Amino acid sequence: MSTIRTRFAPSPTGFLHVGGLRTALYNYLLAKKESGSFILRIEDTDQSRKVEGAMENLIETLHWAGIEFDEGPGKEGEFGPYIQSQRLTTYQHYAHRLVEEGRAYYCFCTPERLEEVRRKQIAQKINPSYDRRCRSLTKEETVQRRKAGETFVIRMKVPFEGELTFNDIIRGEVTISYGILDDQVILKSDGYPTYHLAVVVDDHLMKISHVIRGEEWLSSTPKHVLLYQYFRWELPRFAHLPLLLNPDKSKLSKRQGDVAVEDYRLKGYLKEALVNFVAFLGWNPGDEREIFSLGELVKDFSLERVGKSGAVFNIEKLDWMNFEHLRRKPDTDVLCMLKEKLASSPFAGKHFTDAYLLSVIGAMRERVTFVRDFLEKSPYFFQAPSDYDADVVKKRWKKESPLHLKQLVEEFSALENPKKEEYEAALHRAAESLRIKNSELIHPLRLAVSGIGAGPGVFDILFILGKEETLRRINSAIKELSAAMALPK
RNA sequence: GGCGCGUUCGUCUAGCGGCUAGGACGGAGCCCUCUCAAGGCUUAAACACGGGUUCGAUUCCCGUACGCGCUACCA
């Protein structure tokens, strides 16, 4: 079997879309699974839509996701260049070859005439399509008009009748009759090819074995197949991926949420989670595993298991996957990310030792979905509470709490370099001498040291904070909360 | 409008003629418990509709409905 070569061929018109990420991923997965090559090709044949810096951004985002290409811009292989605007003469050559072989023709119709034709057709309720006027131009006439400097395009000839069937790995046989196909423009008047010509020429020249792309291309595939036939080139295998959808089932779009990979990256999603999630939008391994690394995806991926129907982009599941991937990460990796987060936080000025941060990570691991949650869910590890959660105060802070905590301070003060268990034993002693339940001490204590009512076990918190800090916080809570309770309602 | 593609719990999906229609996220409940999580257990929740074919259809065929895509000198 010949080697697998796949490609991701985006237009540099903006940020990488999550749908694009999935397309790139599937292409990458298939290539890597079969020890083939994954190519990145930039389809910038529409100058008007070109966005400055978009290509660089695309490349950088793919790199971030861990999807590395074997050939592409900046990584020239034997089939480059990989930017279509740098291959113009190639397309022109092939377009003219088609004309010479009677498979295409010059068309001098102006945009105005085309518009006029379309308008009339719509008025007559016929399907708007090019009326093929220039298809019957004589060779002499064509030569003359070209010589006169008239602008022209090249259109491919589509048979007047009959139908074309092609095979799609995901959808099976798809049949479309020629009747509804237009004499598609393949070379524009500015000398650039349209997508249809460029994609066929490049996929052939770059020896692409599998064309894996979005479903929006399914309808125009017959045009491409026709071109392959005209050129007498071997057909690649086609696989048209189902679309990604908004919660209301419309095509995934801005305004109903974020669509750029960049958006998710900025929100703190792990690349592992986003890649894993996007891979499962339309594919599954056939068993019940759900958490996959890129390498595991490569190992188990197959186009045969890609579904046919569109998938809604469901953030809740993405969040869960982020949680799962975050908690699988080694402590040291999380430490790095946490330090980075800290550096751009209100706690940036403070210094924390790695050992301290590592113990915070250990305590919070199963309570965070994002790295930023370390700061948001347990700010008390980075700063003494400046106020106390009113609901928790109401529920847990009793009028005798200050007295109880004073007893606790006494017990704690006597400890030397206490471990978690020693704090606990000390609290038990305090509770016993006060003749109250442990919990009557624990809850006010948690409130005093953290300011809130949720988090790791209190004794873990105390140990991480250390004795001095613990005592300081208990004392200031006694002061502040007593003062607050003394205030008239 | 025409053509194409699609349709299993709210969501992602398993299923490839015979199943009490399975799993996951999310929801609900219980257990654990100093809180919050995590974990364990339990639970509600789906084959779009109508015809065929067949001993038997979620599964195959045909319609209908709905959704989406394409219908450009955009990709």
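Since the structure is predicted, the reported quantities are computational estimates derived from the model, not experimental observations. Chain letters run A, B, ... following the sequence lines, proteins first, then strands; residues in each count from 1.
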Asks: Suppose you measure atom C1' in B:A44 against the same atom in B:A21; what distance do you get, rounded to whole Å?
Replies: 16 Å
Asks: Expressed in whole Å, how much space separates the C1' atoms belonging to B:U54 and B:U59?
Replies: 13 Å
Asks: 5'-most contact on RNA chain B: A:Asp460 or A:Ala9, nearest heavy atom basis?
Replies: A:Asp460
Asks: Could you check which of B:C3, B:C74, B:U35 has an atom nearest any side-chain atom of A:Arg49?
Replies: B:C74
Asks: Using 4.0 Å as the upper bound for N to carboxylate O, is an ion pair formed by A:Asp460 and A:Lys420?
Replies: yes
Asks: Which part of the nucleic acid does A:Arg305 contact within heavy-atom distance under 4.0 Å: base, sugar-phosphate only, or nothing?
Replies: sugar-phosphate
Asks: When the nearest nucleotide of RNA chain B is assigned to A:Ile180 and to A:Arg396 on a heavy-atom basis, which residue is associated with the more 5' position?
Replies: A:Ile180
Asks: If you measure from the Lys or Arg side-chain nitrogens to the Asp or Glu carboxylate oxygens, is any gap between A:Arg118 and A:Glu115 under 4.0 Å?
Replies: yes
Asks: Rounding to an integer number of angstrom, what distance separates B:U7 and B:U64 when you compare their C1' atoms?
Replies: 13 Å
Asks: Is it true that A:Arg7 and A:Asn27 share a donor-acceptor pair across their side chains at a distance under 3.5 Å?
Replies: no
Asks: Please report the distance separating the C1' of B:C61 from the corresponding atom of B:G2, rounded so that it comes out in whole Å.
Replies: 24 Å
Asks: Measure from CD on A:Gln47 to C1' on B:C73 and round the result to the nearest Å.
Replies: 11 Å
Asks: So if I take every side-chain heavy atom of A:Lys249 and compare against B:U11, B:C74, B:C73, which nucleotide ends up nearest?
Replies: B:U11
Asks: Please measure how far the C1' atom in B:G69 lies from the corresponding atom in B:C30, and state the result in whole Å.
Replies: 47 Å
Asks: Does a side-chain N or O of A:Thr45 approach OP1 or OP2 of B:A75 to a distance below 4.0 Å, or not?
Replies: yes
Asks: For B:U42 and B:C25, measure between their P atoms and round to the nearest Å.
Replies: 14 Å
Asks: Suppose we define a pair by two distances each less than 3.5 Å, Watson-Crick or G-U wobble; what does B:C70 pair with here?
Replies: B:G2
Asks: For the side chain of A:Asp389 and the backbone of A:Asp391, is there at least one donor-acceptor N/O pair under 3.5 Å apart?
Replies: yes
Asks: Please state how far atom CD1 in A:Ile315 lies from atom C1' in B:C12, giving the value in whole angstrom units.
Replies: 13 Å
Asks: Could you tell me how far B:C68 sits from B:G52 if I compare only their P atoms? Round to whole Å.
Replies: 32 Å
Asks: Figure out the CZ/P separation between A:Arg327 and B:G39, and round it to whole Å.
Replies: 5 Å
Asks: Pairing check on B:G26: which nucleotide meets the Watson-Crick or G-U wobble criteria with it, both distances under 3.5 Å?
Replies: none
Asks: Check the distance between B:U35's C1' and A:Glu440's CD and give it to me in whole angstrom.
Replies: 15 Å
Asks: Does A:Arg41 pair with A:Glu43 as a salt bridge, N-O distance under 4.0 Å?
Replies: yes
Asks: When the distance from CD of A:Gln184 to P of B:U71 is rounded to whole Å, what number comes out?
Replies: 8 Å
Asks: When you check the gap from the basic side-chain N to the acidic O, do A:Lys267 and A:Asp258 get nearer than 4.0 Å?
Replies: yes
Asks: Checking all strands, does A:Gly282 fall into the base, sugar-phosphate, or nothing category for heavy-atom contacts under 4.0 angstrom?
Replies: sugar-phosphate
Asks: Are A:Arg365 and A:Asp331 close enough for a salt bridge, meaning some N to O gap below 4.0 Å?
Replies: yes
Asks: Starting at the 5' end of nucleotides 20-31 of chain B, put B wherever the base has a protein heavy atom under 4.0 Å, S where only the sugar-phosphate does, and a dash everywhere else.
Replies: --SSBS------
Asks: Round to the nearest Å and state the distance from A:Leu441 atom CG to B:U35 atom C1'.
Replies: 15 Å
Asks: Pairing check on B:C9: which nucleotide meets the Watson-Crick or G-U wobble criteria with it, both distances under 3.5 Å?
Replies: none
Asks: To the nearest 0.5 Å, how far apart are CG in A:Asp263 and NE2 in A:His17?
Replies: 10.0 Å
Asks: Please determine, for B:A44, whether a Watson-Crick or G-U wobble partner exists with both distances under 3.5 Å, and give it or none.
Replies: none
Asks: Which atom pairs, donor and acceptor, lie under 3.5 Å between side-chain atoms of residues 150-162 of chain A and protein residues at least two apart or in another chain?
Replies:
{"unit_1": "A:Glu150", "atom_1": "OE1", "unit_2": "A:Arg145", "atom_2": "NE", "d": "3.3"}
{"unit_1": "A:Glu150", "atom_1": "OE1", "unit_2": "A:Arg145", "atom_2": "NH2", "d": "3.0"}
{"unit_1": "A:Glu150", "atom_1": "OE2", "unit_2": "A:Arg145", "atom_2": "NE", "d": "2.9"}
{"unit_1": "A:Arg155", "atom_1": "NE", "unit_2": "A:Asp183", "atom_2": "O", "d": "2.8"}
{"unit_1": "A:Lys157", "atom_1": "NZ", "unit_2": "A:Gly102", "atom_2": "O", "d": "3.2"}

Asks: Donor-acceptor pair under 3.5 Å: do we get one between A:Ser189's side chain and the base of B:C73?
Replies: yes
Asks: Under 3.5 Å for both donor-acceptor distances, Watson-Crick or wobble: does B:C55 have a partner, and if so which one?
Replies: B:G18
Asks: How long is the line joining CG of A:Leu58 and C1' of B:A75, in whole Å?
Replies: 13 Å
Asks: Report yes or no: is there a donor-acceptor pair, N or O only, under 3.5 Å between the side chain of A:Arg171 and the base of B:C5?
Replies: no
Asks: What is the distance from NZ of A:Lys308 to P of B:U59, rounded to the nearest Å?
Replies: 14 Å
Asks: Please classify the nucleic acid contact of A:Pro456 as base, sugar-phosphate, or nothing, using heavy-atom distances under 4.0 Å.
Replies: base
Asks: Across all strands, who's sitting opposite B:C32 as a Watson-Crick or G-U wobble pair, both distances under 3.5 Å?
Replies: none
Asks: Would you indicate which nucleotide in B:G2, B:A38, B:A75 comes nearest to any side-chain atom of A:Glu366?
Replies: B:A38
Asks: Regarding A:Glu116 and A:Arg119, does a basic nitrogen lie under 4.0 Å from an acidic carboxylate oxygen?
Replies: yes
Asks: When both hydrogen-bonding distances must be under 3.5 Å and the geometry is Watson-Crick or G-U wobble, what is B:C49 paired with, if anything?
Replies: B:G63
Asks: Does B:A38 have a Watson-Crick or wobble partner in any strand here, with both distances under 3.5 angstrom, and which is it?
Replies: none
Asks: Between B:A24 and B:A65, how many Å separate the two C1' atoms, rounded to a whole number?
Replies: 30 Å
